[in-house]
Amino acid sequence: MLKILFVSGSTRARDEFPRQAGAARSGLTVIVDDHLGELAGIDPEIAAVVLDSRNGREIADVALRRLTLQPAAVRPFVLLLIGGHESEKEWAISSGADDVLAGSYSLPDLRLRLAGLCRAVGQQREIDRLSRTVEGVASEASQLRSLAYTDHLTGLPNRLYLDNWVSELGTRRDGEANFGIHMIDLDKFKQINDRYGHRAGDILLKQVSERLCQNSRRLDIVARLGGDEIAVVQVGAISADDLRAFAERLLTVFKDEFVIDGNSIQMAGCVGSALYPAHSDNFSDLLHRADIAMYEAKSAGTGIFRLFQGSLEPPAPAAPSEAVERQLREVRYGLFFSLAGSAFRGGAVAVRARRQRDARHEGEHDEVSLAERVEGQLRDLRLALLQSSLWKQTTYPVVFSASVHASAFTDRGIVTSIHDLLLEVGADPAQCEVTLEEPDSLAEVESLHRLRELGMGLGAHIRIETFMLQRMLRLPLTRLHLDRGFTETTAQAGNSDVLVEAAVLFARSIRARTVAYGVTAREQAEALLALGVDDMTGPYAAPVASNDALASRRQRIAAEQR
């Protein structure tokens, strides 16, 4: 049970606060104090401290000094109640409070802020609990998860972190709380790289990240999505005015020059913002709309803020042309299903990948140049993304993918090509995957780290087919592929079950799904389910499907959801 400590010198305020906080309705435990005795040995279950300075700052000043001496990891969040004078607002910001309510606020405002504080603490405690659980099973799991969720350059959370944790703010809301997304782009960042070198660009990104963290509250989340795009989640934002005020605060990070290797660099940035749920109740769409607003700000100049408006939304992609329809009809897809419940998960382009595998087995692949292979695989990927775009309006968690050989990523242009494909077809990146075919060398493995920029913040997912895990922990993996070598022997005696269990444990530690390929019998499916594997594909799940078969399935699912 989470607790809130209320500290005030006013007897009336102490008597009224539990009712104002809605303690009886929400189940919160409210502790009131008038002399800071509770802060001498603060209960670790206290999620937030509310300091009342409306009738004087003395108690609040002492409390804030005591609280700032506590380690950040165990320090409760601080909500400061102040009057409406500007000087008090400046004092509140400089005092280290995490959130502020000014003037004659309403009870819904107070309850909203407290709910946001407690949810943030609850979420962090859940992360800590999961960390301890996983660490008890595998001592390296915490490190793996940290690598998967962290941007290696800036140390900020990455897009995978946002997908797995921040999106839950939207899916678990009870209608009483909101949040905002701010997309930040550095103006003329490429010119800095060209003039001073990529090392200077990396240092600049680190410095910008540090300033953004300093200008954000502890409740908020600053994350690097890729390149020079950084997102900030503003927890508790309830209006356009809240977004505007916070965005203007974020833009102040560019007020002072950046000093890199003795060079003074003046930078500017733009911010595009969107509000949950006013602009979307889907996190992926919300992020995309903040991105649209950010590009609108960039087109207007430097140091600009833009709030998403419906008029900024680009027109929906046109229906596939007859030529595209013909191409889609020629494609066959291997279908994925959940092992628990048989829910449909999506599909992967199957025809060309099978042809290439057969060619490799026959020793013919050497005759095909890398450029030709990549060109063909990009055509497959485009068809997979087009299929994803057809499912975009169906609120069903399906994902379509195509294979690209790891060696293709030795050419940096492949990332740009995939990014352009995502924009061209208008597919939801959360419904798209790139399946990496087996890396053949360490150089190919190292080149895959460029996939961190895949989609440049659009959020495309990655599935991996191999167990070269130690060298790939920094990739934003969302699905782990267990090939037929594991599937065929799962229901038999041997060591493969141990490896499957290890793969499942690893995938769970980074919140990725596992999919078993080539499932041919019920015994295999049952054994895989018992081992914790999430999804399957193969003859037992469903035969290879045509575009027409997928269209029929899509219509049935859409009808069920109406």
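Treat the numbers as computed from the prediction; the structure is a model and nothing was measured. Computed from heavy atoms alone, side chains included, the values below leave out hydrogens, waters and symmetry copies.
Side chains of E296 and Q309 form no contact here, defined as non-hydrogen atoms less than 4.5 Å apart. M294 has its side chain within reach of E229: a pair of non-hydrogen atoms, C-beta onward, lies under 4.5 Å apart. Within the 4.5 Å cutoff, side-chain heavy atoms of V398 are placed close to those of F344. In this structure, the side chains of I230 and S209 come closer than 4.5 Å at one or more pairs of heavy atoms. Contact check for L250 versus S216: side-chain heavy atoms found under the 4.5 Å cut-off.
Annotation: the span from R382 atom CZ to L385 atom CG amounts to 9.0 Å, rounded to 0.5 Å. Note that CG of L287 and CD1 of I292 are 10.5 Å apart. Values are rounded to the nearest 0.5 Å. With rounding to the nearest 0.5 angstrom, the CE atom of M183 is 10.5 Å from the NE2 atom of H288. In this structure, the separation between CG on L212 and CD1 on I184 is 4.5 Å, given to the nearest 0.5 Å. Note that CG of D534 and CZ of F337 are 15.5 Å apart. Values are rounded to the nearest 0.5 Å. Here the CG-CG distance, from D242 to L275, works out to 8.0 Å after rounding to the nearest 0.5 Å.
Counting all heavy atoms, side chain and backbone alike, F179 lies closest to V235 at CB-CA, 4.1 Å. The two atoms that bring L307 and A293 nearest to each other are C-CB, 4.1 Å, heavy atoms only. Contact between S389 and L386 at its shortest, heavy atoms only, is OG-O, 2.5 Å. When all heavy atoms of A516 and L528 are compared, the closest pair comes out as CB-CD1, 3.6 Å. The two atoms that bring V500 and L482 nearest to each other are CG1-CD1, 4.1 Å, heavy atoms only. Taking each heavy atom of T514 and G532 in turn, the nearest pair found is OG1-O, 4.1 Å.
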- [ ] Apply side chain to side chain contact (heavy atoms under 4.5 Å, CB included) to the pair R513 and R345, showing each step before the final yes or no.
- [x] CA-CA 11 Å; R513 297 184 68 84; R345 294 292 186 188; 3.1 Å; yes
Open item on the list: Please determine whether side chain to side chain contact (heavy atoms under 4.5 Å, CB included) holds for the pair V222 and T154, giving the CA-CA distance in whole Å, both sets of side-chain angles, and the decisive distance to 0.1 Å.
Closed with: CA-CA 11 Å; V222 183; T154 62; over 6 Å; no
TODO: Go through L205 and V208 one step at a time and tell me if the side chain to side chain contact (heavy atoms under 4.5 Å, CB included) criterion holds.
DONE: CA-CA 5 Å; L205 283 173; V208 171; 5.7 Å; no
- [ ] List the steps, then state whether side chain to side chain contact (heavy atoms under 4.5 Å, CB included) holds for V232 with I221.
- [x] CA-CA 6 Å; V232 180; I221 299 173; over 6 Å; no
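Formation of a donor-acceptor pair under 3.5 Å by the H279 side chain with backbone atoms of R289 is not found in this model. Side-chain atoms of T537 come within 3.5 Å of backbone atoms of L335 as a donor-acceptor pair (strictly under, hydrogens ignored). No donor-acceptor pair closer than 3.5 Å links the side chain of D151 to the backbone N or O of N158.
Note on ring orientation: taking the six-membered ring where Trp is involved, the planes of Y333 and F400 are perpendicular (angle over 60°, cut-offs 30° and 60°).
Remark: D187 pairs with D185, A268, C270, K298, T302 by the side-chain contact (heavy atoms from CB on, under 4.5 Å) rule, at least two apart or across chains.
Residues Y517 and F336 bring their aromatic ring centres within 6.0 Å.
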Using distance only, find each side-chain donor-acceptor pair of residues 540-551 under 3.5 Å and give its atom names and separation, not counting sequence neighbours.
from	atom 1	to	atom 2	distance (Å)
S546	OG	D548	N	3.4
S546	OG	A549	N	3.2
N547	OD1	Q387	NE2	2.9

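Of the residues listed (V515, V519, V399), the one engaging D535 in a side chain to side chain contact (heavy atoms under 4.5 Å, CB included) is V515, and it is the only one.
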